[in-house]
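Proteins come first, then strands; the chains are lettered A, B, ... in the order of their sequence lines, and each starts at number 1.
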Number of protein chains: 2
Amino acid sequence: MPKPEVDPTVSLDLSVDRSSPVPLYFQLSQQLEAAIEHGALTPGSLLGNEIELAARLGLSRPTVRQAIQSLVDKGLLVRRRGVGTQVVHSKVRRPLELSSLYDDLEAAGQRPATKVLVNTVVPAPAEAAAALGVAEGAEVHRVERLRLTHAEPMAYLCNYLPSGLLDLDTGQLEATGLYRLMRAAGITLHSARQSIGARAATAGEAERLGEDEGAPLLTMERTTFDDTGRAVEFGTHTYRPSRYSFEFQLLVRP
Amino acid sequence: MPKPEVDPTVSLDLSVDRSSPVPLYFQLSQQLEAAIEHGALTPGSLLGNEIELAARLGLSRPTVRQAIQSLVDKGLLVRRRGVGTQVVHSKVRRPLELSSLYDDLEAAGQRPATKVLVNTVVPAPAEAAAALGVAEGAEVHRVERLRLTHAEPMAYLCNYLPSGLLDLDTGQLEATGLYRLMRAAGITLHSARQSIGARAATAGEAERLGEDEGAPLLTMERTTFDDTGRAVEFGTHTYRPSRYSFEFQLLVRP
DNA sequence: GTAGTTCGATTGTCCGGACATACGCATTGA
DNA sequence: TCAATGCGTATGTCCGGACAATCGAACTAC
């Protein structure tokens, strides 16, 4: 009697294209990720061992390990020495990325409207100057935006950018969000320091967001750095808590 | 005339102990990280190339690459093909970890006091049951705690845990925090889904935290999973925004 | 029946090499 | 003067192999 098949990857039609410029480990990791997302690899199931998988695909073990490792880093797989590699249960998914609010909502299917209130060059206020590492009063870009869903205000965003970093077109800003524009301008984002808090709305904030004075607001302050260590953006955002909250997943670094 | 020294790692006294059970790449990455933290490797400086570094330490290039890669993943280093590996500027540091509030404050030097208000077994409310994946009304642990700094309340924490997962000693809870207890019980934390929002304080919340009714509160809801995909904790926390905010760093995954 | 031991399976670590690819800089050419 | 080209250098990718550490289960001994 034939042993029942225990390795779910054999029925998966995995293959790599050696003539493609995309790295082999990346091709493999993408196929595995798609299989997990699609349900072909069920949560909790064990992937067959690396050696055999490598042999079946005509790859070396280091390459297969690199593919698997990238999914482990994403939190989709768990490795156990002496046991094997397991698909984590489906509840546990969705990564924490450096994404803009626009990206968040777009992914959620709600296309938010953006209204640019201010897009100009101003002398840097003390707080923005400190965050961006420029002299107080130096020229910086200031962008004020209002985010709306279903014609209702949801967030008020105020951002400062170093002058001359990129030219901010109001039309593009309303169409595509600040982070996409920076990436498109060749800026490689590296990291951001964030601070999330809450406070009572001032009269001006209340009016802008359609709340009452003293109503609770969710606030976020963020400084974003590119990979050279330059601060490329500083923003203070206020959200209506009835219409927005921060949702994300944390991964434990082993 | 001798060429000036450009590789800052040569004056660093790096060495590995091959008789140690700790992996070589980890020994190296720790020493490099210490050098960065200590300032011996200044921000923006280039690390000498991997080949030479490997030769100097008597290691192979894959091992050195693994060490460097782990620091890249932490956001401390940046690699550029054809250029070299650079130390990121010092402003950009501090990782985002799955840490408890207790850990946060301990790191900040403020030892918070914890008062356990409730530590008992209750039938699971609907919300907690859904998050933990148990039947509504099933037995779960319920822990209510008050966090104080300088004898002032700062946060009210309400947590649910699956029954039988670990025994929660009130004394230990006040001394060391929930996450440490779980780790100590052999639970390997994997990830957590968090949601941060804000709302006006109810009368009961206001009294517990020493605020006025209607005052803005910062709220956090979290479900934590271990590496088998089990939910091991569900908590709803409320913070006084004047005394606490969430600060963390996001890293861009390249 | 229970506790301790052995053993197979699997991932973890490490090696030494090879070629590809992209970046910065100097050289060359218009 | 300025743009295109070529070259050195560094990381990126990939290979095939070796041994160690650990887990789980079957097995043995008491």
With a cut-off of less than 4.0 Å, is there a side-chain N or O of [X] near OP1 or OP2 of [N]?
X	N	answer
B/Thr63	C/dC15	yes
A/Arg80	D/dA21	no
B/Arg79	D/dG12	yes
B/Arg18	D/dA20	no
B/Thr85	D/dT11	yes
B/Tyr25	C/dT13	yes

Query - Per A/Arg81 side chain, nearest of listed nucleotides C/dT13, C/dC15, D/dA21 - result: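 Of the candidates, D/dA21 comes closest.
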Query raised in the report: If you pin A/Arg65 and A/Pro21 to their nearest nucleotides in DNA chain C, which one's is more 5'?
Result: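 Nearest-nucleotide comparison on DNA chain C picks A/Arg65.
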Please tell me whether [X] and [Y] have a donor and an acceptor in their side chains that are separated by less than 3.5 angstrom.
X	Y	value
A/Glu233	A/Tyr179	yes
B/Gln27	B/Asp17	no
B/Arg193	A/Gln249	no
B/Arg79	B/Gln69	yes

Atom [atom1] of [X] to atom [atom2] of [N]: distance rounded to whole Å?
X	N	atom1	atom2	result
B/Leu24	D/dA21	CG	P	12 Å
B/Gln86	D/dT11	CD	C1'	13 Å
A/Ile68	C/dG12	CD1	C1'	13 Å
A/Gln69	C/dG12	CD	P	7 Å
B/Leu57	C/dG16	CG	P	13 Å
B/Arg61	D/dA10	CZ	P	11 Å
B/Leu46	D/dA10	CG	C1'	10 Å
B/Ile51	C/dC19	CD1	C1'	12 Å

Requested in this report: Remember a base hit wins even if backbone is also touched, and classify A/Pro62 as base, sugar-phosphate or nothing at under 4.0 Å, heavy atoms.
Outcome: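 Here A/Pro62 touches the bases of the nucleic acid.
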**Report entry** Residue from B/Asp169, B/Thr170, B/Asn159 passing side chain to side chain donor-acceptor pair (under 3.5 Å) with B/Asn119
**Finding:** B/Thr170
Report task. Between A/Pro23 and A/Val83, just flag the one whose closest nucleotide in DNA chain D comes earlier from the 5' side. Result -> A/Pro23
